Colleague: 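Next up is a structure, given as structure tokens.
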Amino acid sequence: MQTTSAVSVGASPYSLEFDLKEGIFQKNITIINNGNEFSTYSVYTADEYSDLVGIFPSSFDLSPSMTKEVTVICIPPELASGNISLKISIAACSDNSKLGMGAGIRIPVTIIQGEIVDNSGTNVYTSFSRHIMNFF
């Protein structure tokens, strides 16, 4: 008798949109282990976008059929202009995989920027960006 094992990953929603004009700076992604093995998951963006997006937790383990909610925080640049498109990658791998194989998906992300000024005259994005950087 032969047994097979599979590493798999699912995620919802299939895309994210941060509308900074409406004050949306945080979203959640639900990740599910669709495989039949205990797997380790990594969630990340390309290095060029790592200053724009914070991901918590960025690495975790899941048993088969289990889910994990990951928080994605948009950290807008100080000089906001135009929309930004990037991808969040989710990679799964198993310690039991004899071939070193894994699974992965990419979630498209759009950051919609615009100029918003609060009552004090301070750019909201700049103020938020400084606050969130102090949080880290």
Side-chain angles (χ1 to χ4, degrees):
M1 178 170 85
Q2 282 187 316
T3 60
T4 62
S5 60
V7 177
S8 180
V9 59
S12 177
Y14 61 88
S15 67
L16 294 178
E17 183 176 280
F18 294 95
D19 190 341
L20 304 184
K21 295 181 292 186
E22 295 181 11
I24 299 172
F25 295 98
Q26 180 177 320
K27 299 269 187 160
N28 293 322
I29 301 172
T30 301
I31 298 172
I32 184 168
N33 180 345
N34 289 328
N36 59 8
E37 287 190 14
F38 180 85
S39 299
T40 299
Y41 292 80
S42 297
V43 185
Y44 57 93
T45 62
D47 287 340
E48 64 189 278
Y49 299 114
S50 62
D51 290 345
L52 299 177
V53 178
I55 301 170
F56 307 99
S58 59
S59 181
F60 52 89
D61 299 324
L62 285 178
S63 297
S65 301
M66 297 300 294
T67 63
K68 179 77 172 176
E69 191 162 274
V70 173
T71 300
V72 180
I73 298 173
C74 178
I75 306 166
E78 298 237 358
L79 300 173
S81 64
N83 297 341
I84 299 171
S85 296
L86 58 105
K87 294 190 185 325
I88 292 177
S89 298
I90 304 168
C93 66
S94 168
D95 292 339
N96 296 332
S97 177
K98 294 180 176 119
L99 300 175
M101 296 177 69
I105 56 176
R106 289 192 178 140
I107 296 177
V109 177
T110 303
I111 301 172
I112 299 170
Q113 302 181 99
E115 287 297 320
I116 297 178
V117 177
D118 67 9
N119 293 337
S120 69
T122 303
N123 182 303
V124 173
Y125 301 150
T126 302
S127 176
F128 179 83
S129 182
R130 287 189 184 135
H131 169 74
I132 206 71
M133 292 310 286
N134 289 336
F135 175 75
F136 298 118

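Please read all numbers here as calculations on a predicted model, not as lab measurements.
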Colleague: Please say yes or no: joined through hydrophobic side-chain contacts below 4.5 Å, possibly via intermediate residues, are M66 and I105 part of one cluster?
Modeller: yes
Colleague: Any chance you could measure S59, atom OG, to K68, atom NZ, to the nearest 0.5 Å?
Modeller: 10.5 Å
Colleague: Please determine whether side-chain contact (heavy atoms from CB on, under 4.5 Å) holds for the pair I75 and D51, giving the CA-CA distance in whole Å, both sets of side-chain angles, and the decisive distance to 0.1 Å.
Modeller: CA-CA 7 Å; I75 306 166; D51 290 345; over 6 Å; no
Colleague: Do Y49 and V109 have side chains that approach each other closer than 4.5 Å (heavy atoms only, starting at C-beta)?
Modeller: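 Result no, sub-4.5 Å side-chain heavy-atom pair not found.
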Colleague: To the nearest 0.5 Å, tell me how far C74 SG sits from F25 CZ.
Modeller: 7.0 Å
Colleague: Treat each ILVMFWY residue as a node, draw an edge where side-chain heavy atoms are under 4.5 Å apart, and state whether Y14 and I112 are in one component.
Modeller: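 Y14 does not cluster with I112.
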Colleague: Could you give the distance from CD1 (I55) to CD1 (I73), rounded to the nearest 0.5 Å?
Modeller: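 Between atom CD1 of I55 and atom CD1 of I73 there are 10.0 Å.
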Colleague: To the nearest 0.5 Å, how far apart are CZ in F38 and CG in D61?
Modeller: 3.5 Å
Colleague: I need the minimum non-hydrogen distance between S94 and S39, along with the two atoms involved.
Modeller: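 Looking at all heavy atoms of both residues, the shortest contact is CB-OG, 4.2 Å.
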Colleague: Grab the two heavy atoms, one from P57 and one from E69, that are nearest each other, plus how far apart they are.
Modeller: CD-O, 4.1 Å
Colleague: Restricting to non-hydrogen atoms, name the atom on F18 and the atom on K27 that form the minimum distance, rounded to 0.1 Å.
Modeller: CE2-CG, 3.4 Å
Colleague: Provide the closest heavy-atom pair for I90 versus A11 in the form atom of the first, atom of the second, distance.
Modeller: CD1-CB, 3.8 Å
Colleague: Would you mind reporting whether I88 and V43 have side-chain heavy atoms less than 4.5 Å apart?
Modeller: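 SC-SC contact between V43 and I88 confirmed.
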Colleague: To check you understand the geometry: which heavy-atom pair defines the closest contact between N33 and P64, and what is its length?
Modeller: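 Heavy-atom minimum between the residues: ND2-N, 3.6 Å.
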Colleague: Could you grab the distance from atom CD1 of I29 to atom OG1 of T67, nearest 0.5 Å is fine?
Modeller: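 If we round to the nearest 0.5 Å, I29:CD1 and T67:OG1 are 13.5 Å apart.
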Colleague: With a 4.5 Å cut-off on side-chain heavy-atom distances among I, L, V, M, F, W and Y, is there a chain of contacts connecting F56 to Y44?
Modeller: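 Looking at the clustering, Y44 is in a separate group from F56.
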Colleague: So which atom in I24 and which in E17 form the shortest heavy-atom distance, rounded to 0.1 Å?
Modeller: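 Looking at all heavy atoms of both residues, the closest pair is CG2-O, 4.4 Å.
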Colleague: When rounded to the nearest 0.5 angstrom, what is the spacing between CG in L62 and OG in S8?
Modeller: 11.5 Å
